[in-house]
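The next block holds one structure in the form of structure tokens; read it before the comments.
Reminder, nothing fancy here: chain letters follow the sequence lines and each chain counts from 1. All heavy atoms count here, side chains included; hydrogens, waters and symmetry mates do not.
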Number of protein chains: 2
Amino acid sequence: MRRDVFQAIADPTRREIINLIAHRSLNLNTIADNFTVSRPAISRHIKILTECGLVTITQQGREHYCEANFKQFKEVSDWIEQYRIFWTDKLDALGKFLDEEK
Amino acid sequence: MRRDVFQAIADPTRREIINLIAHRSLNLNTIADNFTVSRPAISRHIKILTECGLVTITQQGREHYCEANFKQFKEVSDWIEQYRIFWTDKLDALGKFLDEEK
DNA sequence: CACTTGCGTAACCATTCGGTTACTTATATA
DNA sequence: TATATAAGTAACCGAATGGTTACGCAAGTG
């Protein structure tokens, strides 16, 4: 059972989960409310995300709060960005960078 | 049959194929020589890569040369990089950028 | 204590994935 | 023309994936 970040983010539902909890921790039921699939399905997606370190769970009473942990993105970013020069150019990259600085 | 870039790069063999042809086009048999799996298996991996636009094939005689097309990486990069601030900081990002400029 | 709520997990199912071998087709070459 | 080479594809197979429903259990609440 391969369990790496590349595989974890291959599923669109899991990417949406990450989008959801990027800025604030949410408990599992709240996350599941945002999807049409069942709660157990979301539970398993989150399990996969925790198994590769992308999500950390903190239990608070009977609620399990899910928090995104983006450190694991470095592996993906490193791989993708080594090819950036091939799909954009330095000036574009600089422009984008400066825009983000504003 | 979902066929998007996220799913295409989820497989480690496909990422290796991209690494192989990143700097020079290679024909299919040459690519397959670098792996232990069979040529048809590689052929199907490359088919998946072409279906999502990551690889372009140019026939030259009886050889099919595979070229990487990194434009499709933008979708992945955009998604990952929007969270960069969470796993590094602006100064790190700037440093990395300046290093690349050298 | 009885009940509700939040969540994990087991069992099951259809589909997809990644691999194989065998075969076919197209292009070059003796 | 006969043969060798490059590569796609079909048929098959076991394992993984993503979903479901049913159930169990821990933590609050009446």
Hey, is the side chain of B/Arg44 pairing donor to acceptor with the base of D/dG8 inside 3.5 Å? no

Residues 59-67 of chain B, side-chain donor-acceptor partners within the protein, below 3.5 Å, at least two apart:
| from | atom 1 | to | atom 2 | distance (Å) |
| --- | --- | --- | --- | --- |
| B/Gln59 | NE2 | B/Gly61 | O | 3.2 |
| B/Glu63 | OE2 | B/Asn27 | ND2 | 3.2 |

Take atom CG of A/Leu26 and atom P of C/dC7, then tell me their distance rounded to the nearest Å. 11 Å

Whether B/Phe70 and A/Tyr83 hold their rings parallel, tilted or perpendicular, with breakpoints at 30° and 60°: parallel

Co-membership, hydrophobic cluster, residues A/Leu54 and A/Leu20, 4.5 Å side-chain: yes

Check whether any side-chain N or O of A/Lys47 sits under 4.0 Å from OP1 or OP2 of C/dT9, and answer yes or no. yes

Within the pair B/Asn29 and D/dT5, is there a side-chain N or O less than 4.0 Å away from OP1 or OP2? no

When you group the ILVMFWY residues by side-chain heavy-atom contacts below 4.5 Å and let the links chain together, are A/Ile48 and A/Phe6 in the same group? no

What nucleotide among D/dG19, C/dG18, D/dG18 has an atom nearest to a side-chain atom of B/Ile48? C/dG18

Which donor-acceptor pairs under 3.5 Å do the side chains of residues 33-45 of chain A make with protein atoms, sequence neighbours left out?
| from | atom 1 | to | atom 2 | distance (Å) |
| --- | --- | --- | --- | --- |
| A/Asn34 | ND2 | A/Thr30 | O | 2.8 |
| A/Ser38 | OG | A/Ala41 | N | 3.4 |
| A/His45 | ND1 | A/Arg14 | NH1 | 3.0 |

So if I take residues 55-70 of chain A and measure heavy-atom distances to DNA chain C, which residues fall below 4.0 Å? A/Arg62, A/Glu63, A/His64

B/Asn29: what forms a side chain to side chain donor-acceptor pair (under 3.5 Å) with it, not counting sequence neighbours? none

Nearest-angstrom distance from the residue atom CD1 of A/Ile42 to C1' of D/dT21: 16 Å

According to a strict under-4.0 Å criterion, is B/Ser43 in side-chain N/O contact with OP1 or OP2 of D/dG8? yes

Checking A/Lys74 now: which residues fulfil side chain to side chain donor-acceptor pair (under 3.5 Å) with it, not counting sequence neighbours? A/Asp78

Let's see if you get this right: which residues in residues 30-40 of chain A place a heavy atom under 4.0 Å from DNA chain C? A/Arg39, A/Pro40

Nearest whole angstrom, please: distance from the P of C/dT9 to the NE2 of A/His45. 16 Å

Please list all pairs meeting ring-ring contact (aromatic ring centres under 6.0 Å, His included) that have one or both residues in residues 9-29 of chain B, counting only residues at least two apart or in different chains. A/Phe86-B/His23

